[in-house]
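Just so we're on the same page: letters track the sequence lines, and every chain starts at 1.
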Amino acid sequence: MHTIRIQTDDFDLAQEYQLLRELSSTVGAVVTFTGLVRDFEGEGSIESLSLEHYPGMTESLLEEIVGQAHKRWSLIGTTVIHRVGELLPTDQIVFVGVASQHRADAFEAAQFLMDYLKSKATFWKKVSQDGEQQWIESKDSDAAAANRWDTDSV
Amino acid sequence: MITLLFFGRLGDFAVGVPTTMEASTPAEIRTLLAADFPALAKELSEPQVLVSVNKMIVDWDQHLLKGSEVAFLPPVTGG
């Protein structure tokens with residue numbers, strides 16, 4: 001059981017948690033992650049963040065990533081929500097929720113989903129600061145975070 | 001005809017670029033664009049830029065069928 005949504009609207013953490021919790025009476029652990037718009041490196045505060053994506057491809061990639069998580073760990077349910085469009089500081093951007101019987105599966109799968117989403121899913125952020133717009137550069141640390149799951153030792 | 005899409009920062013370099021063209025591989029598209037859009041072609045040559053055909057990541061020498069949608073994808077920054 002999994003849900004993938006790309007939307008301009010905000011999401012309700014409590015509601016998403018509740019949906020995962022109610023999937024089955026065998027759910028013994030729910031791990032949720034929420035990513036927020038924050039100030040970036042450098043001086044001053046950002047005015048807004050604009051998120052672009054590749055409709056159709058993004059959904060396929062997220063399906064693939066979620067599918068990999070379900071193969072790799074024993075999961076009862078997963079939810080991935082990613083917002084697009086114009087966002088403001090402190091707004092919620094991304095939600096990953098994982099329900100499983102035991103905590104280790106939920107913890108690891110949630111981290112895997114975020115690491116893979118950040119390095120593989122077709123989203124691009126543009127920041128507005130001091131009246132100027134600039135595309136955010138990708139970080140090597142994000143690629144490294146995803147690569148660590150490529151080993152079979154996990 | 002092949003439909004062209006440019007995402008993220010590549011979109012800023014692709015202002016005025018035709019939305020369709022005839023080409024047999026993504027690499028050929030890059031070469032054809034170099035004449036009129038050298039800054040864009042240079043960006044497309046960055047090793048981190050990926051190319052997709054009909055929403056699947058492919059090699060730059062992938063043979064293009066008529067009606068394909070080719071997208072040029074800079075490193076992603078979601079999450």
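- Taking the six-membered ring where the residue is Trp, Trp149(A) and Phe112(A) present perpendicular rings, their angle passing 60° and hence far from 30°.
- Between Trp124(A) and Tyr54(A), the gap from one ring centroid to the other reaches at least 6.0 Å.
- For chain B, no part of Gln134(A) is nearby; none of its heavy atoms comes within less than 4.5 Å.
- With a threshold of 4.5 angstrom between heavy atoms, Leu5(B) approaches chain A through side-chain atoms but not through N, CA, C or O.
- Under a cutoff of 6.0 Å and an axis angle of 45°, Arg30(B) and Trp60(B) form a cation-pi pair.
- With a threshold of 4.5 angstrom between heavy atoms, Asn54(B) does not approach chain A through any atom at all.
- Proximity to chain B is limited to the side chain of Trp135(A), based on heavy atoms less than 4.5 angstrom apart.
- Contact of Ser119(A) with chain B is made through the backbone alone, with heavy-atom distances under 4.5 Å.
- Your options are Gly8(B), Pro75(B), Ala71(B), and the one with the most heavy-atom pairs under 4.5 Å with chain A is Gly8(B).
- Side chain to side chain, Ser50(A) and Glu86(A) meet the donor-acceptor criterion of an N or O pair below 3.5 Å.
- Residues satisfying the side-chain contact (heavy atoms from CB on, under 4.5 Å) criterion with Gln15(A), sequence neighbours excluded, are Asp12(A).
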